[in-house]
Protein chains: 2
Amino acid sequence: MLDAEITIVVALFPQLTQLDFTGPAQIFARMSNTRVVLAARTLDPVVTDCGWAIVPTATFDTAPPSDVLFVPGGAGAFDAMLDSDVLRFIRRQADAASFVTSVCTGSFVLGAAGLLKGKRATSHWASLHMLSELGAIPTSERVVRDGAVITGAGVSSGIDFALSLVENLRGREAAERIQLTIEYDPEPPFATGSPKNAPPDWITAGRRDAEATRLDPVRQAAAALSEK
Amino acid sequence: MLDAEITIVVALFPQLTQLDFTGPAQIFARMSNTRVVLAARTLDPVVTDCGWAIVPTATFDTAPPSDVLFVPGGAGAFDAMLDSDVLRFIRRQADAASFVTSVCTGSFVLGAAGLLKGKRATSHWASLHMLSELGAIPTSERVVRDGAVITGAGVSSGIDFALSLVENLRGREAAERIQLTIEYDPEPPFATGSPKNAPPDWITAGRRDAEATRLDPVRQAAAALSEK
């Protein structure tokens with residue numbers, strides 16, 4: 001069972017925050033007997049938030065059914081959340097998957113697809129509180145599991161998320177060995193990586209800015225969801 | 001001075017370990033007034049160690065002079081290290097740069113270009129000891145600065161490296177703010193991220209495997225360097 005072939009399907013969309021995806025992707029690539037598929041609307045390179053592009057390996061139509069569906073976040077997640085092609089793809093993949101997962105604001109895409117109703121889930125600290133609009137129970141932890149749904153917090157938490165996923169799929173030693181190969185023994189230079197420790201006015205401003213651009217699309221997605 | 005435009009040039013080559021690059025790239029992209037250029041031999045997508053590809057934004061010939069030269073590592077670094085086009089590009093860029101930097105085994109490419117002679121530098125734990133072949137002083141720390149040369153240890157250390165680079169270039173508050181936006185408050189699930197804490201037989205095997213494939217090219221690069 002621990003050695004069965006696993007297919008991980010990643011949903012790519014324009015303006016994703018690339019580290020949401022690339023952190024977990026480094027870990028997925030070091031799992032035994034695992035195929036990672038990068039699915040996007042077309043096979044054209046997908047431009048990330050950093051300005052440069054990643055080449056998909058499948059389209060939403062050609063991607064195989066996944067054992068693990070993974071959705072990264074970023075500003076583009078709030079467009080993806082309103083895109084019926086993306087949501088149809090996410091729902092179809094989620095039906096087959098053993099785990100439905102996200103990092104950062106990727107959880108809003110899961111939420112818009114109706115996959116977080118009544119579920120504990122996390123997201124980037126600046127947007128997390130808005131996740132309740134989509135029926136989720138916002139949970140301020142780095143990695144949150146509620147049944148088959150595993151969500152990671154902001155950006156760099158994808159590394160912690162992916163290692164815990166490997167433990168679930170392949171056992172503890174496999175995860176420990178991958179942690180060594182990526183030399184994941186972090187030494188954050190400052191204490192400001194968490195909203196608990198950063199200056200309160202930075203947090204207030206971050207949440208205000210996130211609401212200014214994101215609350216409208218989130219409510220639009222919530223309205224569309226309640227009509228279904 | 002802290003606001004002057006900065007150009008960061010990244011050297012891309014096939015089979016780079018993508019997180020060596022994508023971790024720092026997420027942080028570079030959030031620096032003010034900063035242009036990030038991904039330079040490769042051609043503009044064709046560069047296939048990473050994870051099987052999928054990143055699209056360069058310039059060639060070795062068209063990339064502008066850098067303020068910061070950055071070289072990621074990976075299995076491909078040991079081919080890049082023996083590639084005269086890559087080394088010529090690295091040397092030309094290093095001439096103009098204020099900082100010459102690497103993560104993981106990217107330090108071997110810097111070493112092969114003759115940029116680490118007598119310098120303290122780090123690399124991935126499994127290969128670090130071989131860096132002395134290229135005249136460097138192997139230094140087992142997560143981020144090592146020796147004058148204008150800053151090197152990071154294995155893979156995930158690129159995040160720590162890049163935040164410390166931002167502090168050098170833009171001041172402490174800028175780095176602290178970026179650390180918050182990427183929610184870098186790591187919670188490694190296991191203690192095995194460092195060779196200090198992993199089982200000794202994993203470390204012995206990792207170093208042996210690295211030597212088996214890498215010591216020959218490293219010595220070849222060292223020989224080529226001593227003939228210059």
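These numbers come from the heavy atoms of this one structure, side chains and all, not from hydrogens, waters or symmetry mates. In the text below, chain A, chain B and the rest are named by the order of the sequence lines, each starting its count at 1. The structure presented is a predicted model; accordingly, all values stated were derived computationally and were not measured.
Only the side chain of B/T57 comes within less than 4.5 Å of a heavy atom of chain A; its backbone N, CA, C and O stay farther away. Both the backbone and the side chain of B/E173 come within less than 4.5 Å of a heavy atom in chain A. Both the backbone and the side chain of A/S194 come within less than 4.5 Å of a heavy atom of chain B. Neither the backbone nor the side chain of A/F28 comes within contact range of chain B; no heavy atoms are under 4.5 Å apart.
Highest contact tally toward chain B, considering only A/V155, A/I203, A/I27, is held by A/V155 [criterion: heavy-atom pairs under 4.5 Å]. Looking only at heavy-atom pairs under 4.5 Å with chain A, the residue among B/W202, B/W125, B/F21 that has the most is B/W202. Each of B/G154, B/C104, B/P56 has some count of heavy-atom pairs under 4.5 Å with chain A, and the biggest count is that of B/G154. Counting heavy-atom pairs under 4.5 Å between each of B/I159, B/T17, B/V36 and chain A puts B/T17 at the top. Between chain B and the residues A/D20, A/T192, A/N197, the largest count of heavy-atom pairs under 4.5 Å involves A/T192.
Atom CZ of B/F190 and atom CD of A/E167 lie 3.5 Å apart (nearest 0.5 Å).
For the pair B/P189 and A/L163, the tightest heavy-atom approach, listed with the atom from each and the gap, is CG-CB, 3.6 Å.
Contact annotation for residues 174-188 of chain B against chain A (heavy-atom separation below 4.5 Å, listed by residue number): B/A175, B/E176, B/R177, B/Q179, B/L180, B/T181, B/I182, B/E183, B/Y184, B/D185, B/P186, B/E187, B/P188. By a heavy-atom distance cut of under 4.5 Å, A/L38, A/P45, A/D49, A/C50, A/W52, A/A53, A/I54, A/V55 are the residues of residues 38-55 of chain A near chain B, going up by number.
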